[in-house]
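Report on the structure given below.
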Amino acid sequence: AERMYIEALEVATAASGENDYGSATMMHTLAMVYSQQGRYAEALPLEEKSLEIRESVLGPKHPHVALSLTTLAGILEGMGEPARGEPFARRAVDVGREAWGPDYMDVWWMQRGHAGLLNALGRHDEALEIMEPLVARIEAAPRQVEMVFHLAELGRSYHGLERYEDAERAYERSIELAVAEEGPDDPSAAASRLGLANVYRDSDRIDEAEAAYEAGLAALEAANGARDPDRLQGLLDLAELLEATGRLERAAELRAEAR
């Protein structure tokens, strides 16, 4: 797929120049492919250029501009720069809401992305102000799209505020939905298990935490491979637990594996 998108971009650029809207669309698509592969440094200039062209051609309030903004925010978060990404995510929500209204599923996705960046910045109260009403709105909707991921972000927000019981309930609901929809080995269920493991760890429920880490890590490796970003973070989180319980050699092995 990557080669196909590269060739399409080359054709569009050769035909109309790199500032053509068709080229911008292919840049956006290729940036998303690179981002999904964790190749954020390659994705960033493509999405920046795509946004520049889309704003110039379509105007700053077009919904396609919102899509580029939220993709750019996600790339920056993946690069470990949530402070740079947060303004783009906030603007994406504003543009998307104005273009589509508050009940459009892409707007929900953009809101969750914004909350994720706020959580990454430690601004958990602001993230919760987004996620609680968002989950309630989606629960009342005819189609509860991506509820697994929304509940996981809600759990992350509660966890950051040390509301461990609320976080546990949100993660457990996320896992239950993922398993019901996709089966016990679903990678989104595994990612939520790692979030739940962090809650257990910080609640001093060490045995439950360790079991949840091991289950989540194994499922993610089986589904997505050893370099899955959620798995790598899970290795670091488990290493932190092992260090706190005096198992330094095993912790060092996990940190080395996560590099």
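A quick note: this is a predicted structure, and the numbers were derived from the prediction, not measured.
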Has the side chain of Ser174 got a donor or acceptor atom that lies under 3.5 Å from a matching backbone atom of Val148? yes
Polar side-chain atom of Thr29 near backbone of Thr25 as donor-acceptor pair, under 3.5 Å: yes
Could you check if a side-chain atom of Tyr158 sits within less than 4.5 angstrom of a side-chain atom of Glu168, using non-hydrogen atoms only? no
Is there a side-chain hydrogen bond (donor to acceptor under 3.5 Å, both in side chains) between Arg247 and Thr245? Walk through the geometry before answering. CA-CA 6 Å; Arg247 288 171 283 176; Thr245 53; 3.1 Å; yes
Taking only residues two or more places apart in sequence or in another chain, which ones pass ring-ring contact (aromatic ring centres under 6.0 Å, His included) with His159? Tyr164
When clusters are formed by joining ILVMFWY residues with side-chain heavy atoms under 4.5 Å apart, either directly or through shared neighbours, do Leu121 and Leu161 land in the same one? no
Heavy atoms, side chains only, cut-off 4.5 Å: are Gln111 and Arg97 in contact? yes
Is there a salt bridge (charged side-chain N to carboxylate O under 4.0 Å, His left out) between Arg173 and Glu176 once you walk through the steps? CA-CA 5 Å; Arg173 286 184 61 202; Glu176 287 168 6; over 6 Å; no
Co-members of the apolar cluster containing Leu236 [side chain, <4.5 Å]: none
Can you name the residues that form a salt bridge (Lys or Arg N to Asp or Glu O under 4.0 Å) with Glu253, not counting sequence neighbours? Arg250
Please list, chain by chain and in numerical order, all residues satisfying side chain to side chain donor-acceptor pair (under 3.5 Å) with Asp228, sequence neighbours excluded. Asn224
Can you name the residues that form a salt bridge (Lys or Arg N to Asp or Glu O under 4.0 Å) with Glu162, not counting sequence neighbours? none
Members besides Leu194 in its Ile/Leu/Val/Met/Phe/Trp/Tyr cluster (side-chain heavy atoms under 4.5 Å): Ile206, Tyr213, Leu217, Leu220, Leu232, Leu235, Leu238, Leu241, Leu242, Leu254
Could you tell me which residues satisfy ring-ring contact (aromatic ring centres under 6.0 Å, His included) with Phe149, sequence neighbours excluded, listed by chain and number? none
Pairing of Arg255 and Glu243 as salt bridge, 4.0 angstrom limit: yes
Taking all non-hydrogen atoms of both residues into account, name the closest pair between Gly116 and Arg156 and its distance. O-NH1, 3.4 Å
Would you please name every residue forming a salt bridge (Lys or Arg N to Asp or Glu O under 4.0 Å) with Arg193, sequence neighbours left out? none
Co-members of the apolar cluster containing Met110 [side chain, <4.5 Å]: Leu67, Val93, Trp100, Tyr104, Val107, Trp109
Does some side-chain heavy atom of His28 sit less than 4.5 Å from a side-chain heavy atom of Arg54? yes
Could you tell me which residues satisfy salt bridge (Lys or Arg N to Asp or Glu O under 4.0 Å) with Asp166, sequence neighbours excluded, listed by chain and number? Arg163, Arg169
Hey, any chance Val135 and Trp108 share a hydrophobic cluster, counting ILVMFWY side chains that come within less than 4.5 Å of each other, even indirectly? yes
Just jot down the side chain to side chain donor-acceptor pair (under 3.5 Å) partners of Glu126, sequence neighbours excluded, or say none. Arg123
Can you list the steps and then say if Glu257 with Arg231 is a salt bridge (charged side-chain N to carboxylate O under 4.0 Å, His left out)? CA-CA 10 Å; Glu257 184 180 350; Arg231 181 178 180 274; 2.7 Å; yes
Side-chain donor-acceptor contact under 3.5 Å, Ser188 with Glu182: no
If you group Ile, Leu, Val, Met, Phe, Trp and Tyr whenever their side-chain heavy atoms sit less than 4.5 Å apart, what else falls in with Leu72? Tyr40, Leu44, Leu51, Val65, Leu69, Ile75, Leu76, Met79, Phe88, Val95
